[in-house]
2 protein chains.
Amino acid sequence: MQNKSKTKKREAVVAKQLAEELGVSISTISRAFSPHAVIAPETRERVLRRAEALGYHPNPFARSLITRKTSIVGIVVSDITNPFYPEVLTGLTEALQDIELNVMLFTSTGTQTSDDAVSLALRYQPDILIVLAATVSSKAATQATQAGTNMIFFNRYVPDAPAFTVTCDNVLGGREVADFLIDSGHRQLAFVSGLPDATTNRDRWKGFSERCAERGQANPLKEEAGCFAHDAGFAATQRLMSCQPRPDAIFCANDLLALGALNAVRKMGLRTPEDVSIIGFDDISMASWSSHALTTYRQPVPKMISTTVDLVRRITAGSLQDTTPVCIAGDLVVRGTVRKADE
Amino acid sequence: MQNKSKTKKREAVVAKQLAEELGVSISTISRAFSPHAVIAPETRERVLRRAEALGYHPNPFARSLITRKTSIVGIVVSDITNPFYPEVLTGLTEALQDIELNVMLFTSTGTQTSDDAVSLALRYQPDILIVLAATVSSKAATQATQAGTNMIFFNRYVPDAPAFTVTCDNVLGGREVADFLIDSGHRQLAFVSGLPDATTNRDRWKGFSERCAERGQANPLKEEAGCFAHDAGFAATQRLMSCQPRPDAIFCANDLLALGALNAVRKMGLRTPEDVSIIGFDDISMASWSSHALTTYRQPVPKMISTTVDLVRRITAGSLQDTTPVCIAGDLVVRGTVRKADE
DNA sequence: GTGAAAGCGCTAACAT
DNA sequence: ATGTTAGCGCTTTCAC
């Protein structure tokens, strides 16, 4: 016996001790904690009461070894600088916690790619893997399937990936923005594009440009910001506003870009909405601040979260095979940065 | 045998299969994955290669059952609306991931109190529990100790709790802000207070007010916003600016409050810094946007994170008993919202 | 309704 | 250097 254990962890109470104290078998302890097990109500009561006093809980790892369910949901994130995601992350975590599922968090910001993060997550055999903000290859999705783990893409999708998908209706959002801008008399439309690969970015552009075409508008200008950050939106808008003819309305792929656009326009001595209208996407909390009063297409976050959690519930219950993407409409929030019709 | 398993998970590859395939014992497989185990290099190589091909990894739960180390770090969060925290959360997760530790996330925003979140986290016997944004009682800290789990309070502390602490030097920050404002000629100082119980809030006030006294200033006005949100700062500042005499400088307990203050001041038709100076705390990314250009005391986030991760490393290595709080100085970032001296 | 026994996947003595 | 054995804490047959 080595004596290296000065910092030895205090042992947690285990089933055996509880069993001995109560003069019952270990199985009985186990049954007390299994809602559907056959056990005398008074026995269960007695066990649970004593367990409570001793701070005993079945070891979730030992349990999962047998049940083959970990009660863990893996979440993979990357672009957390967008304030949209923390909200989603905590919302999901909280809702999952309420149905006895806990979250392991994996990031892919630094040295790790998103696919690495997925691999890593898979080792823990989570009941579900939710991909929040990361461009994951369909290979990773396949890997998950092979490992027997169901994946949910949140607000993004991977074509042909064997996975579930919950998104805001980004195409519809783009269309509604186009309609709104055209209806309110704008004629020189422009789009500030974020991360080119992101499906959110592509779909918003798709809806926007398609609807413009349907309405007989010229194809909107498209300026690449390259990512979804404030400063990128700022720079892209500076470039955009030196085009001829100058846009009278700018639709940005998300709010962060739009706030950058707003600041760029102001810096140039122009005003919104008099000189140019700006419209974002997400409705992050800053959009409503009086310093910005940003018009934006609001993502139905609560509904997207509840839908996702419901999906998780049904998948873990084993009652779901249908991976048809769920696509939820948001709604336009009109604030000060857009010129109204008839003004 | 029940036949309820249409959706049965595909079994993951386990050590036994690998062992049989390779004609070695299960122990050999295990040894190949234990860096310090005695094993022929070529054997290890052979095992790892085949494991790679098959996608085998030791089941972390089975492993932790024996080693009594979970390689899991629990993180408890609550006030995630403050953009300061997502940054910290992902920063920590990433850094921990790099040293083979994974994060389980627990929230206490909704029905659960922070103490509940701690209890929950403890069931997973994390190697370390980091409390990020939550007011945790010292009882919960004691509970953690009894369960043998070391806790780290990140940017907050609980007096008398048996736990480690890493904070920004909030008192010093408050003092430096006071010096800066007084040196630049301000005389009617005010403080917008966030969550009253938060140690960050109290320490920033403490440093600020103490230094004011030392410099022979009148005690600053103190206005309670009640929490750390933009709108609360907005409202508190409106109240503050109707005081007589009107403050010529407002120090806000964090940036979110300060941005609210900025917007409130503008809404009243006043200008910064001409009419009133505003100064925040944190240096969140929005503070640097041209629409705000907020002067603020920057928290040394990267250093706080690396310090925390280093602490984690030493604790898990068993080489640390000393729970003296680590307190790291930040620095003042001067932007447009403060009147300079001699103007 | 309860206990005994087997075993989840793995690591850590102990042999050899 | 490798194989054998025991057992981590738990759930789940299978008896009774």
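Each chain gets a letter, A, B and so on, in the order the sequences are listed, and its residues count up from 1. Because only heavy atoms are used, hydrogens play no part in the values below, and waters and symmetry mates are left out as well, while side chains stay in.
When rounded to the nearest whole Å, the span between CD of B:Glu45 and C1' of D:dA1 equals 17 Å. The distance from atom CZ of B:Arg123 to atom P of D:dC10 is 13 Å, rounded to the nearest whole Å. Across the protein-nucleic acid pair, A:Phe61 atom CZ and C:dT11 atom P stand 15 Å apart, rounded to whole Å. Taking atom CD1 on A:Ile39 and atom C1' on C:dG1, their separation rounds to 8 Å, with Å as the unit. Between the C1' atom of D:dG9 and the CD1 atom of A:Ile26 lies a distance of 8 Å, rounded to the nearest Å. Atom CG of B:Leu22 is separated from atom P of D:dA1 by 18 Å (rounded to the nearest Å). Computed from coordinates, the B:Glu20 CD to D:dG3 C1' distance equals 14 Å when rounded to whole Å. In this structure, A:Gln17 atom CD and D:dC10 atom P are separated by 9 Å, rounded to whole Å.
Between B:Gln97 atom CD and A:Thr107 atom OG1 the span is 5.0 Å, to the nearest 0.5 Å.
Under the 3.5 Å distance criterion, the side-chain polar atoms of A:Asp115 are left unmatched by any main-chain donor or acceptor of A:Lys139. Although no hydrogens or angles enter the test, the distance criterion places a donor-acceptor pair under 3.5 Å between the side chain of B:Asp127 and the main chain of B:Thr70.
Both B:Arg31 and B:Tyr56 lie close to DNA chain C; mapped to their nearest nucleotides by heavy-atom distance, the more 5′-ward contact belongs to B:Tyr56. Residues A:Ser34 and B:Gly23 each lie close to DNA chain D; by heavy-atom proximity, the contact nearer the 5' end of the strand is made by B:Gly23.
Every pair tested for ring-ring contact (aromatic ring centres under 6.0 Å, His included) that includes a residue from residues 140-162 of chain B fails, sequence neighbours excluded, so the list is empty. Evaluation of the ring-ring contact (aromatic ring centres under 6.0 Å, His included) test over residues 14-44 of chain A, restricted to residues two or more places apart or in two chains, returns A:Phe33-A:Tyr56.
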Checklist entry - B:Glu100 and B:Ser71: side chain to side chain donor-acceptor pair (under 3.5 Å), yes or no, with the steps? => result CA-CA 7 Å; B:Glu100 318 266 69; B:Ser71 293; over 6 Å; no

Checklist entry - Can you check side chain to side chain donor-acceptor pair (under 3.5 Å) on B:Thr324 and B:Asp322, steps first, answer last? => result CA-CA 6 Å; B:Thr324 314; B:Asp322 172 28; 2.4 Å; yes

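A sub-4.0 Å separation between OP1 or OP2 of D:dT4 and a side-chain N or O of B:Ser25 is absent. Residue B:Thr28 places at least one side-chain N or O closer than 4.0 Å to OP1 or OP2 of D:dG3.
With salt bridges taken as basic N to acidic carboxylate O contacts below 4.0 Å, one links A:Arg49 and A:Glu45.
In the helix from C:dG1-D:dC16 to C:dT16-D:dA1, the terminal helix axes, each the rotation mapping four pairs' C1' atoms onto the next four within five end pairs, subtend 40°, rounded to 10°.
Under the side chain to side chain contact (heavy atoms under 4.5 Å, CB included) criterion, A:Pro162 pairs with A:Ala141, A:Thr142, A:Thr145, sequence neighbours left out. A search for side chain to side chain contact (heavy atoms under 4.5 Å, CB included) contacts involving A:Pro302 returns nothing, not counting sequence neighbours.
Residue B:Ile29 is out of contact with every strand shown, counting any heavy-atom pair closer than 4.0 Å. Here A:Ser64 lies out of heavy-atom contact (under 4.0 Å) with every strand. No contact: B:His36 has no heavy atom under 4.0 Å from any strand. Residue contacts for A:Ser30: at a heavy-atom cut-off of 4.0 Å it reaches a base atom on one of the strands shown.
Distance from the side chain of B:Arg63 is smallest for C:dC10 among the nucleotides C:dA12, C:dC10, D:dT2.
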Pairs under 3.5 angstrom, nitrogen or oxygen only, protein versus nucleotides 5-8 of chain D, please.
none

